[in-house]
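One structure below.
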Amino acid sequence: MKEKYYITTAIAYASRKPHIGNTYEIILTDAIARRKRQEGYDVFFLTGTDEHGQKIEEYAKEAGIEPKAYVDNVASCIRSIWDLMNTSYSKFIRTTDDYHEKAVARIFERLYKQGDIYKTEYEGWYCVPCESFVTETQAVNGVCPDCGRPLRRAKEEAYNFKMSKYADRLMKYIEDNPDFIFPEARKKEMVNNFLKAGLQDLCVSRTSFKWGIPVSFDPKHVIYVWIDALSNYITALGYDVDEKGELYKKYWPADVHIIGKDILRFHTIYWPIILMALGEPLPKKVFGHPWLLNGTDKISKSKGNVIYADDLVKLFGVDAVRHYCLAEMPFAADGSISYENLIARYNADLANNLGNLVNRTVAMTKKYFDGVIPAYDKSIENDTDRDLIAKCGETYTKVQEFFDTFHIADASDEVFGLLRRANKYIDETTPWVLAKDESQKGRLGNVLYALLETIRIGAVLLFPFMPQTSEKVFSFLGTDVTSLESVKNFGGLVSGNKVGETEVLFDRIDPEKMLAEIAESMPKEKTAAKPDDANVNEITIDDFKNVELRCAEIIACEPVPKAKKLLKIQLDLGYEKRQVVSGIAKFYKPDELIGKKVAVVANLKPAVLCGVESNGMILASGEDTVRVVFLDKDTPLGERIR
RNA sequence: CGCGGGGUGGAGCAGUUGGUAGCUCGUCGGGCUCAUAACCCGGAGGUCAGGUGGUUCAAGUCCCCUCCCCGCAACCA
């Protein structure tokens, strides 16, 4: 009986087409899943989509369609990219799947009945037309930040989960299972920032939107994302409160959840606690992988630097994209993607090292042995042969170690190191010289056998990374000996068989030519993308007049202690002086601001930030890079800006 | 003093329990011709962020201080 292995990705949020950074996760998980299958595990590999929530509700509204129609669309787009990337998931779950919704509703019900979820009231500022609560700090002037209409005090019912009740047990679990949160540094973040600080109860329902799974006994509430989305890992296996499906009995607990580092908190704190409350075992490991960035920037639509997997596939092919993602990503630090690097890696690893090695070796086999795989004569084996063979064994071992510790890029590197060694072996043994001397036929046979076998070993080890490429290599070699087991020891390739037809595995790319083509095909992104994020409503001139903007001069400025982003700024409005706090410390030094004139929102409700009072707001633009709106130096102090 | 991770030849990274600094790419020179202008060899290039700090026979590797970067958290009004 095979040992089971249950591996999952996070479910992708079905709001937009996923970019290459999102796609990285499924590729990574697929590589691990494929490897585990090679190792003989009975693997269940789950992925899917998270399809509820306010954002999706809004996007659907914008698109003028029902949320379900919207997510059907996006989910199929996501799935088609997963398929395009040749990922071997066992099941694709959607949180709108009927069985999932039912199971989640019952999970909620059960947690409520046993007292882990309790009803509470939330009081705050509420905007009736927008049907939404506004945080205390957003409630500027008692006016809704979205629509500008007056807010009123309101109470909202909500369901909270008693997280604190399980904190000690979770702490103990983390201590008893040092590998649970991975990598190590992430564990410290979770423990120090949340567990040691004391867990807050978590709000697990919403009434502010409808697109979700209703609370069965209180249908004006919708189950919020945590319980809904996280439960996918068990509902996909047929878990339900009263009856656990066969798959569940077989595969749960998960051996590993592969997730982005950004959602580690939900998977290492809330999810285990939910499971504890349900009386179910916890996952064995949660691996928070780093991000794939575009250059040094996070990939995002608003930055206009989005790269999609399918576009890359058109240029480079599926396996080249897989290889890049897997080989380029460091274990813990963020990796980056660029066309330049992708081309460089493609040429170096795939075309020059792997592709050319396969090509030249098979070509020689055809030329010198009529395509028949020669026998390996151990009696004339020399040190050069032994060295290569030793390298094969070493590679096998190291790849295993690297996979066991999730160092996937290192595992990949290891195999390419073997291929490099094989290329060198050709130079060392000079088969074209041996071929000229009939008495060296035996040596030549050994050399070619050793090369073909090394290539086979490499292809087997590369299978989790580049399945299609490996299959091609197997067919070039005319071999069906492709198990991981067959590669443990040198010599699995059967002599006497004929090699197959070959083709160029990876065409060399001319970097300049391709980069020029890419630049050509790029839409002229110089013009800003049309904003699609804001809930921008039309306002009247009177609405605008509610905002009192005035010219002020910065007369003093200093950093706020203990705050990284805040500057404490003294302003002169002409008719009065006042202090504001602004989150621009990262972009401006205090000295360079003094004497500058800025636009200030003068009638903003005071707030306290990091213990410092702020009476107004300086206008600035930008999200990741903030630019203050400076006024002309001749603008009179205190002048109203319209 | 919130918690944590880093700063290593042009780029991206390794450097385990301290013992003459490695890998891939790039670059320069050479070799070979089986092969996809590829492959192989060699050279140049690093005071391992700084403290002309401490421990040691010996420190990139341990300790202390400073500077800078990055995560998480907290305030981007």
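Reminder, nothing fancy here: chain letters follow the sequence lines and each chain counts from 1.
- Nucleotide A49(B) forms a pair with U66(B), judged by Watson-Crick or G-U wobble geometry with both contacts under 3.5 Å.
- Salt-bridge check for Arg421(A) with Glu394(A): failed, with every basic side-chain N at 4.0 Å or more from each acidic carboxylate O.
- With a 3.5 Å ceiling on both atom-pair distances, the Watson-Crick or G-U wobble partner of C39(B) is G31(B).
- Taking the side chain of Glu189(A) as heavy atoms from C-beta on, and the options U36(B), C72(B), C34(B), the nearest nucleotide is C72(B).
- Counting any heavy atom pair closer than 4.0 Å across all strands shown, Asn359(A) reaches a base atom.
- Between Phe416(A) and Leu350(A) there is a side-chain heavy-atom pair separated by less than 4.5 Å.
- Residue contacts shown for Phe416(A) are absent, as no nucleic acid heavy atom lies under 4.0 Å away.
- Taking only side-chain nitrogens and oxygens, Asn352(A) comes nearer than 4.0 Å to OP1 or OP2 of C39(B).
- Contact of the Phe316(A) side chain with the Tyr339(A) side chain is registered, since non-hydrogen atoms from C-beta on lie closer than 4.5 Å.
- Proximity note for Lys188(A) (side chain, C-beta onward) versus G71(B), G5(B), C34(B): the nearest is G5(B).
- Counting any heavy atom pair closer than 4.0 Å across all strands shown, Ala344(A) reaches no nucleic acid atom.
- When distances run from any side-chain atom of Arg420(A) to the nucleotides C34(B), C39(B), U24(B), the shortest one goes to U24(B).
- In this structure, Leu264(A) reaches neither bases nor backbone, as no heavy-atom distance under 4.0 Å exists between it and the strands shown.
- As rounded to the nearest Å, C62(B) and C40(B) have P atoms that lie 36 Å from one another.
- Phosphate contact (OP1/OP2 of C39(B), side-chain N/O of Lys424(A), threshold under 4.0 Å): absent.
- Across all strands shown, C3(B) pairs with G71(B); the Watson-Crick or G-U wobble distances both stay below 3.5 Å.
- Taking only side-chain nitrogens and oxygens, Arg345(A) never comes nearer than 4.0 Å to OP1 or OP2 of G12(B).
- A salt bridge links Arg345(A) with Glu328(A); the closest basic N to acidic carboxylate O contact falls under 4.0 Å.
- Looking at the side chain of Ala348(A), the nearest of the listed nucleotides C25(B), G5(B), C34(B) is C25(B).
- Rounding to whole angstrom units, CD of residue Glu340(A) and C1' of G10(B) are separated by 16 Å.
- On the P atoms, G18(B) is 27 Å away from C3(B), given to the nearest whole Å.
- Distance, Asp413(A) CG to G12(B) P: 16 Å, rounded to whole Å.
- If you take CZ of Arg265(A) and P of C3(B), they are 19 Å apart, rounded to a whole angstrom.
- Ranking U36(B), G71(B), C34(B) by closeness to the Arg186(A) side chain, first place goes to G71(B).
- When rounded to the nearest whole Å, the span between NZ of Lys391(A) and P of C23(B) equals 11 Å.
- At whole-Å resolution of the value, NZ in Lys398(A) and C1' in U16(B) are 12 Å apart.
- Here, G10(B) and C70(B) have their C1' atoms 22 Å apart, quoted to the whole Å.
- Nucleotides G9(B) and U24(B) have their C1' atoms positioned 14 Å apart, rounded to a whole Å.
- Rounded to whole angstrom, the span from the CG atom of Asn353(A) across to the P atom of C39(B) amounts to 7 Å.
- Taking the side chain of Asn423(A) as heavy atoms from C-beta on, and the options C40(B), G71(B), C34(B), the nearest nucleotide is C40(B).
- Inter-residue side-chain proximity for Leu619(A) and Val628(A) is flagged as unmet; no heavy-atom pair is nearer than 4.5 Å.
- Side-chain contact between Val447(A) and Ile426(A) is absent, with no heavy-atom pair separated by less than 4.5 Å.
- U55(B) and C28(B): their P atoms are spaced 48 Å apart (whole Å).
- Rounded to the nearest Å, the gap between the P atom of G71(B) and that of A59(B) is 35 Å.
- Thr454(A) OG1 to Leu388(A) CG: the interatomic distance, rounded to the nearest 0.5 Å, is 3.5 Å.
- Across the P atoms, G6(B) and G46(B) are found 26 Å apart, a figure rounded to whole Å.
- Nucleotide G60(B) forms no Watson-Crick or G-U wobble pair with any nucleotide shown, as no partner meets the under 3.5 Å limit on both distances.
- Looking at Asp385(A) and Arg443(A), their side chains come closer than 4.5 Å, going by heavy atoms from C-beta outward.
- Checking Leu357(A) against Ile618(A), the closest nucleotide of RNA chain B that is more toward the 5' end is the one next to Leu357(A).
- Spacing between C39(B) and U61(B) at atom C1', rounded to whole Å, works out to 37 Å.
- Rounded to an integer number of Å, the gap from Glu414(A) CD to C13(B) C1' is 15 Å.
- Rounded to an integer number of Å, the gap from Leu419(A) CG to C40(B) C1' is 16 Å.
- Here Thr430(A) lies out of heavy-atom contact (under 4.0 Å) with every strand.
- Residues Asn356(A) and Arg360(A) both approach RNA chain B. Their nearest nucleotides, taken by heavy-atom distance, put Arg360(A) toward the 5′ side.
- Nearest to the side-chain atoms of Ile426(A) among the listed nucleotides A37(B), C39(B), C34(B) stands C34(B).
- Val580(A) comes within 4.0 angstrom of no nucleic acid atom, judged by non-hydrogen atoms across all strands.
- Of the candidate nucleotides G71(B), C25(B), C39(B), C39(B) has the atom nearest to the side chain of Asp427(A).
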